[in-house]
There are 2 protein chains.
Amino acid sequence: MKKAEGTRLNILQKAFALIYEKGYQTTSIDDILATTQVTKGAFYYHFKNKDEMGIAIINELLKPILASSFIAPLQNDKNPVDTIYNLIHYLLIEDEFLQVQHGCPVANFTQEMASWNKDFSHALNEITQQWVKTMAAVIVKGKEKGQIRDDINARQVAMFVASGYWGVRNFAKLENDKKVYLSYLKELKRYLNTLK
Amino acid sequence: MKKAEGTRLNILQKAFALIYEKGYQTTSIDDILATTQVTKGAFYYHFKNKDEMGIAIINELLKPILASSFIAPLQNDKNPVDTIYNLIHYLLIEDEFLQVQHGCPVANFTQEMASWNKDFSHALNEITQQWVKTMAAVIVKGKEKGQIRDDINARQVAMFVASGYWGVRNFAKLENDKKVYLSYLKELKRYLNTLK
DNA sequence: TGCAAATAATACCTATTAGTATGTTTTTAT
DNA sequence: ATAAAAACATACTAATAGGTATTATTTGCA
């Protein structure tokens, strides 16, 4: 990796961490410069403006994270119920990047930016839809294998699960307590079993 | 109502509308002054600072809204499944204040403020817990009446439903389309029926 | 090696931010 | 009616925001 690309990536990563903690609007360029030890000249060499950096974070960091942590675990051949439950369990309990007090980065970005920056909402919608789509595909496969009832609407279930995930992240953020997750997971398991 | 209380309320209401649209951090005092036609002197006579106004919005506006729109509809004697479904349907489809492109004000506030202002998160948690608690009570009642299965954990279900509600609000915000709600509601109905 | 292009550093600018100081007008109570 | 208190108005401040202009330093390559 060239040195220049290193600074670019450094900016993206540190900025992402800051934004995940503090929110996009309240993370200033100067904040980012302070934690990256990068100067303003370097920053604006790599990014036209703050929003362009935000989009880059979504496309170059969030997208891969989603692919590896949210989507890849769905690609196995167990039954959908276990696969989906295990994924959500992993995301809520085990994943060491996602912090209870900061919620879900994708949801945070959405809440903050969706209604007034089309580039942001477009990029976010893209990665979200991919998650839902993959989850739906898993369920369809399960239907074919007879692991899931015929009358189940796969996409509808996927959306329902994804919504619950986002919501419980917000809930736990409010209480700043992982216990909320345990309660949620129990009900999720019960719910998923009704798909059989 | 005294005139002074009128200006105070005016500030709270207009500020709330602005914050619901644009977010708390990005709504400046000057924004609020411009839309209320109130001067800075008047503003700071009524509120010590911006955050105190934020807390006042939560306690004096959000709380009553929650009580009337989220909690009161739960106080009837139909069965929990219909009661809860109708509530969520009302909130997502019929309520004319909540806008699809702006999500849920409580969730917005939570996402933006919870992790770095304890007063905010405390006030928000209070109203949220009240909603969940009431929903749980409805389910408990249903269990007693034999409308809900015995092995159902009332609080767990209430949390699950509330999470889904918050999550789907965020989802629809991203797509800026109420269609998402319809899909969600179908699955919610199916889920709620598994409680019987 | 040298020089052009890529990368980075510094100093600055204007707008906006939350908040204050100080004054003026309204209300209220007597 | 009047004085005191409540309510509001105006002008300001210091800090911070995102962004730019200009200059300096590296880097790749002929």
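Naming: A, B, ... by sequence-line order, numbering from 1 per chain.
- In the set D/dT10, C/dA6, D/dA7, the nucleotide with an atom closest to the side chain of B/Tyr45 is D/dA7.
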Open item on the list: At under 4.0 Å between heavy atoms, how does the protein contact nucleotides 21-30 of chain C? Give one character per nucleotide, 5' to 3', with B, S or -.
Closed with: ------S---
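- Using a distance-only test at 3.5 Å, with no hydrogens or angles considered, no donor-acceptor pair links the side chain of A/Asn59 to the main chain of A/Ala123.
- Of the candidates C/dT7, C/dA18, D/dC8, the closest approach to any side-chain atom of B/Thr7 belongs to D/dC8.
- For B/Asp31, the side-chain contact (heavy atoms from CB on, under 4.5 Å) test picks out B/Leu18, B/Lys22, B/Thr27, B/Ser28, with sequence neighbours left out.
- Within 4.0 Å of A/Phe43, counting heavy atoms only, lies no atom of the nucleic acid at all.
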Under 3.5 Å, N/O pairs linking protein and nucleotides 13-17 of chain D:
residue: D/dA17; atom: OP1; partner: A/Ser28; partner atom: OG; Å: 3.2

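- Between the OH atom of A/Tyr44 and the C1' atom of C/dA11 there is a distance of 15 Å, rounded to whole Å.
- Using modelled atom types, one side-chain atom of B/Asn86 and one backbone atom of B/Asp82 make a donor-acceptor pair closer than 3.5 Å.
- Summarising the geometry, the separation between CD on A/Glu52 and C1' on D/dG18 is reported as 14 Å, rounded to the nearest angstrom.
- Between C/dA8 and A/His46, a contact under 4.0 Å exists linking OP1 or OP2 to a side-chain N or O.
- Of all nucleotides listed (D/dG19, C/dA8, D/dC8), D/dG19 comes nearest to the side chain of A/Asn49.
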Donor-acceptor contacts under 3.5 Å from residues 140-147 of chain A side chains, at least two apart:
residue: A/Lys143; atom: NZ; partner: A/Asp150; partner atom: O; Å: 3.4
residue: A/Lys143; atom: NZ; partner: A/Ile152; partner atom: O; Å: 2.6
residue: A/Lys145; atom: NZ; partner: A/Asp77; partner atom: O; Å: 3.4

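- Applying the salt bridge (charged side-chain N to carboxylate O under 4.0 Å, His left out) test to every pair with at least one member in residues 83-106 of chain B, sequence neighbours left out, gives no pairs at all.
- With hydrogens and angles disregarded, no donor-acceptor distance shorter than 3.5 Å links the side chain of A/Gln130 to the backbone of A/Glu126.
- A donor-acceptor contact closer than 3.5 angstrom links the side chains of B/Lys196 and B/Asn193.
- Look at CG on A/Asn10: it is 16 Å from P on C/dT7, rounded to the nearest Å.
- In this structure, A/Phe47 places its CZ atom 11 Å from P of C/dA8, rounding to the nearest Å.
- Between A/Lys48 atom NZ and D/dT20 atom C1' there is a gap of 14 Å when expressed in whole angstrom units.
- In this structure, the CD atom of B/Gln37 is 14 Å from the P atom of D/dC8, given to the nearest Å.
- For B/Tyr24 and C/dT17, the OH to P distance is 14 Å, given to the nearest whole Å.
- Ring centers of A/Tyr165 and B/Phe171: at least 6.0 Å apart, outside the cut-off.
- The side chain to side chain donor-acceptor pair (under 3.5 Å) check on A/Tyr20 picks up nothing, with sequence neighbours excluded.
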